[in-house]
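To keep things clear, I will list the structure first and then write my remarks on it.
Read the numbers this way: they start at 1 and go in the same order the structure lists the ligands and their atoms.
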Amino acid sequence: MGLLLKNGEIVTATERYVADVYVEGETIARIGQNLDVAPGTEVIDCTGKFVFPGFIDPHVHIYLPFMGTFARDTYRTASVAALTGGTTTLIEMCCPSRGEDALEGYKLWKSKAEGQSACDYTFHMAVSRFDEGTEAQLREIVADGTTSFKIFLSYKNFFGVTDDEMYQTLKLAHDLGVIVTAHCENAELVGRLQQKLLSEGKTGPEWHEPSRPEVVEMEGTTRFCTFLETTGARGYVVHLSCMPALKAASDAKKRGVKVSVESVLPHFLLDKTMAERLGVEGMKHVMSPPLRQKHNQQALWEALAAGEVDTVGTDHCPFTTEQKLMGKDAFTAIPNGIPGVEERVPLIYTYGVSRGSLGLNRFVDALSTRPAKLFGLYPKKGTIALGSDADLVVYDPAYRGAVSAKTHKTNTDYSGFEGFELDGRPSLVTVRGQVQVRDGEFVGTIGRGQFLRRKPELQHAD
Ligand code: DUC
Ligand code: ZN
Ligand code: ZN
Ligand code: ZN
């Protein structure tokens, strides 16, 4: 039985037009005016609403042992939260630590998602160490369809790689046609600054940002781009938060380095003063790179509109108030992370599109189409076209609401965006043709989500 989304305004990265979309099975079968459909077809009236391609969050953490604890979501909670917020594909960071075996870690991460996800998913494979066995393992992981890597230039004791390991990872990635995503902060400088601040008795969450200042991120970004240039690999800077780092990436792009830039939801809307709030209120706003001075926000919105920031992810990483309190005696022990997978689409719509600083096409591009293109999912995902997966978001711009931890689906007792207004919400969401969200509520099936096997991109021979 088919599904007809009738008379909505279809928005892709390049187009806007009113039409009907007919879904047959898992894919988009017809697009046109006043489509005739067989009896028994479910017809949804989308008049006055937008129809967007399913949104893709290119950066989430779900299963994550980190800083002596675990991030709180499971695939069940994270995928329901994602779908409620219009995200139909998750790209999770698969992050075995330096001491662990990469292939074992990969299997473990996959097992956490298997049969548990309500939306589709895939992984960026973290390379936390590079030794004799690594290349063969990574080749196996790429052959399984995971065609993007992740490296951390920070978090020395958990996942961080040395410069030489970064070189080897990028060289292999170039040979395999794999893109490498990178957390760009200088680990040695962060370590030294943390020690210095703690020795001065500066232990509160307000010292988190000064321990990872903008120059530390600029250095990491510059170094990553230098290594990309040297190896010819394709790269992607994750969660870029400030202007000096953006300049480093943009300068590299201009000289031909194949680098793309992601910024994440918190850096568009939250600022440093939130982590300076007293006690646990401050701790709730600790993530890395840290929330910055407010002037960066306007600049990030402008860079997003101009396409200098390519994508918007979340770095979704949920911890509870109790977990945050692990850092009550030292900011270095606060689990880093702010959840946002549920709020990314409606908040970027509200504070970008609705307030006039972001066009609708670019909104779809940054939150769906470009992640799909960069990570080998396009045109199966990331657009509304004949033959594409019927991952569709009917967005009701007339809805008015606000973010609240009381009603959110993420498994935390607080929201970093508490009280933020929402102009509109996804009213209906489909995953490969199946309605998973109706009237803003999850009505779907856990286990509907599939692991997405991707292909490497071998376009050049150098
Ligand atoms: N930053 C966070 O805030 N959390 C997870 C990992 C990261 O890089
Ligand atoms: Zn990171
Ligand atoms: Zn992350
Ligand atoms: Zn090349």
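Considering R432, Q450, K380 as possible partners of D120, the one that fulfils the side-chain hydrogen bond (donor to acceptor under 3.5 Å, both in side chains) test is R432. When each of V312, T314, L422 is tested with L347 by the rule side-chain contact (heavy atoms from CB on, under 4.5 Å), just one qualifies, namely L422.
Note that the NZ atom of K324 and the OG1 atom of T69 stand 11.0 Å from one another [nearest 0.5 Å].
Shown here for R454 and F123, the closest heavy-atom pair between the two residues is NH2-O, 2.7 Å.
The 4.0 Å heavy-atom shell around ligand 1 contains residues H61, F66, Y155, H183, H239, M287, S288, D315, C317, N336, G337, ordered by chain and number.
Side-chain N/O atoms of H316 and D57 include no donor and acceptor closer than 3.5 Å.
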Could you give the side-chain donor-acceptor pairs of residues 280-290 under 3.5 Å, partners two or more places apart or in another chain?
from	atom 1	to	atom 2	distance (Å)
E281	OE2	K284	NZ	2.9
H285	ND1	E281	O	3.3
H285	NE2	G416	O	3.2
S288	OG	H208	NE2	3.3
S288	OG	R212	NE	3.1
S288	OG	N336	OD1	2.5

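Annotation: Y63 is not in aromatic contact with Y75 [ring centroid separation under 6.0 Å not met].
Listed by first then second residue, pairs satisfying ring-ring contact (aromatic ring centres under 6.0 Å, His included) with a partner in residues 351-376 read F52-F363, F55-F363, H124-F375, Y236-F375, Y349-F363, Y351-F420, not counting sequence neighbours.
Without hydrogens or angle criteria, T89 side chain to I56 main chain gives no donor-acceptor distance under 3.5 Å.
Around the Zn ion (ligand 2), the protein atoms of type N, O or S found under 2.8 Å away are H183 ND1, H239 NE2, listed by chain and number.
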